[in-house]
Trainee: 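One structure follows; several queries about it will come next.
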Amino acid sequence: MLGSMNRCSRLLAIAFLMPFFLEPLSALEKPWLDTSKPVAERVTLLLAQMTLAEKTGQMVQAERGALQPGDVRTYGIGSVLSGGGSLPASNTPAGWIELVNRLQTESLNTRLGVPILYGIDAVHGHNNVYGATIFPHNLGLGAARDPELMEQIGRVTALEVAATGLNWTFAPCVAVVQDIRWGRTYESYGESRELQTLLTARLVQGLQGAQGTVDWLSGAHIVATAKHFLGDGGVLYETGEGSTTIDRGNVEIPLEQLKALHGQGYVEAIRAGVQTIMASFSSYQGVHMHANKALLTDWLKAPVASGGLGFGGFVIGDWDAMGLTSEVKGDYAAKVLNSFNAGVDMAMEQSNWRKVIEILLASVKNGSIGQARIDDAVRRILTVKFNAGLFEHPMATNQYSDQLGSAVNRAVAARAVKESLVLLKNDKKLLPLKPGAKVFVAGPMADNVGRQCGGWTLSWQGGFDRKVGKKVTRLTPGTTLLEGLQAQAKAGDGEIITDVARLAQASVAVIAVGETPYAEMQGDIQLGGKMTLDSPGRMSAGNREAIAQALDAGVPVVVVLVSGRPLVVTDELSKWGALVVAWLPGSEGAAIAEVLYGQEDFRGKLPVTWPRSVEDLPAAGSKTALFPYGFGLSLR
Ligand code: GLC
């Protein structure tokens, strides 16, 4: 059937695509451009003019690299994205602005001139862009527990995204991590719904601006996305998709518990006016979220009066996720249609976008998707575009370009680093470091901006600074823990020693250890993994050796852990004088040193339970943990 329909759907596609080759309507023929009209009315006016092809074009998002010149115009594509590391030739504000405007010009030259949304994962700052301010990943922000800081982070992130001419970020991730063996643990604020209540709305408000104010979705504000709906952080170990152990797995808890624990972030984000929500790769009781009408449509989008969340924006699918709904019978087309009918409004079938348009065109004709579902999806998409002011200001400008990575923005990130630090042990008041002390510094995480930033930095999986001889090339501009310690010591007539031959001269050693960068399933702990500092996989080589050399020299050790989650340190903790958790601090690593020297006190509290062993996992809420959720010491 579909085979014959290919020819048929191609004929349909040609017949339906004709409007895109017509001249653009004049402004007088576009009453929806009248900003004095309510958005709902403007949407109705525009929707009434749209052909089926123009509507289905709005329902697909194409990856930048999967487009040929002219495709956006020919197919009326609604959105373009850059996946992790998908960059323009020049990874600069000017390079991004040129890319966005080239695509936007195509879109404005279609018959109806509906602008595109350009989406990107700016998940801890504008992390795809060289020179951007890189904030601590979410788990560190969960440790900081500072709502006002969250709004500042959102505001700065939006400013730096706007500095490159983009208008949409796939953030915040509001996952509520339950098992820290999950590779996306660091993308979660932590294991409790209280953190969602405390932090989510303020981050969304920072990104989009406050609803009801002139800031809302104007100026240097952008469209936000709460993700991944629903229950991504509740997946069970050994239920992972394909060969991975937990990512994109299955959630089993009772429905009311699912909604209460994993739904809180969406309640908060919707309250703050979030414009888009991303469906999760994960499943709930065996039904993939991209096929889950009961939750996507009958709860998320249903009116509050009937027990729903009343979400009025649109649901974006995740990367090629529609084809992964394995429980849905039939071929790819059947899975795609099922996802749209379940409540996904825009498909991120990023390189299959043309196929998705064909499937939609053919399926309206044969009734497997109703016109009402198409119109509801497009109405939602257009509502967000009108809300975002895209029709008034479609073209990217360089008015904010000088803000990228500014000192003022980096100061917000430095504040976040300091507030995220958690002090778990401090025997004999080893901390704060004495201003005049000789401090030995070593460890794979002590002097590497790339390692500090973790995944989703310049590329999907993140990367490392490069050292050739004495020349160091940072992955992206930033400062390191070592540089911060050197600055603090210099200010206080102390000395930082990095030459191991002089180790014995030091009164204390600061050893920075942790995990190498990773993202998503590539961070899942493999079967049998022990999550100790020398476990195979994502642990940095040299962790144990760096600590041992200081201990063997009889020098007291302050361990600084730079990782995307708690690690199992039970057996060696007693040998350490102090333990500081820095999570994945981002580009402003020097700020850690200010707290180690006591310029400010520790205020961070554990956002997740710290297990005694991997056998304790999932440990969320455990009372027999090494350190409980919410634990954190101070210097005074
Ligand atoms: C990824 C992630 C999602 C991200 C999207 C686009 O697979 O699951 O968080 O926003 O693809 O990069």
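Numbers here are sequence positions counted from 1. Read the numbers this way: they start at 1 and go in the same order the structure lists the ligands and their atoms.
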Trainee: Within a distance under 4.0 Å of any heavy atom of R248, pick out the atoms of ligand 1 and give their elements.
Mentor: 7 (O)
Trainee: Please say which of M531, R451, M445, M539 ends up in a side chain to side chain contact (heavy atoms under 4.5 Å, CB included) with E515.
Mentor: M539
Trainee: Taking only heavy atoms of F170, which atoms of ligand 1 are found under 4.0 Å from at least one of them?
Mentor: 10 (O)
Trainee: Checking the side chain of N338 only, and the main-chain atoms of M322 only, is there a donor and an acceptor separated by less than 3.5 Å?
Mentor: no
Trainee: Once you restrict to heavy atoms under 4.0 Å, what part of Q61 touches ligand 1? Side chain, backbone, both or neither.
Mentor: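 Answer for Q61: neither.
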Trainee: Centres of the Y266 and F311 rings: under 6.0 Å?
Mentor: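 Distance test on ring centres: not under 6.0 Å, no.
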Trainee: Based purely on interatomic distance, does R184 place a nitrogen or oxygen under 3.5 Å from a nitrogen or oxygen of ligand 1?
Mentor: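 Yes: some nitrogen or oxygen of R184 is under 3.5 Å from one in ligand 1.
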Trainee: Salt-bridged, R73 to E106, with N to O below 4.0 Å?
Mentor: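 Answer for the salt bridge query: no.
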Trainee: At under 4.0 Å between heavy atoms, is it the side chain or the backbone of F281 that contacts ligand 1, or both, or neither?
Mentor: side chain
Trainee: Could you check atom 6 (C) of ligand 1 against the protein and tell me its nearest heavy-atom contact, residue, atom and distance included?
Mentor: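 Of the protein heavy atoms, D121 OD2, 3.2 Å lies nearest.
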Trainee: Among protein heavy atoms, which sits nearest to atom 1 (C) of ligand 1, and what does the distance come to when rounded to 0.1 Å?
Mentor: E520 OE2, 3.2 Å
Trainee: So among T169, I120, L217, which one has a side chain to side chain contact (heavy atoms under 4.5 Å, CB included) with I222?
Mentor: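 When T169, I120, L217 are each tested with I222, the side chain to side chain contact (heavy atoms under 4.5 Å, CB included) holds only for T169.
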Trainee: Does an N or O from E187, backbone or side chain, lie closer than 3.5 Å to an N or O of ligand 1?
Mentor: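 Among all N and O atoms of E187, none is under 3.5 Å from an N or O of ligand 1.
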Trainee: Does T245 reach the main-chain N or O of Q526 with its side chain, forming a donor-acceptor pair under 3.5 Å?
Mentor: no
Trainee: Does any N or O atom in D318 lie less than 3.5 angstrom from one in ligand 1, N or O only?
Mentor: yes
Trainee: What residue and atom, counting heavy atoms only, is the protein's closest point to atom 9 (O) of ligand 1, and at what distance?
Mentor: H228 NE2, 2.7 Å
Trainee: Looking only at heavy atoms, what is the nearest atom pair of L67 and A62, with distance?
Mentor: CD2-CB, 3.7 Å
Trainee: Using a strict cut-off of 4.0 Å, indicate which atoms of ligand 1 neighbour a heavy atom of W319.
Mentor: 7 (O), 11 (O)
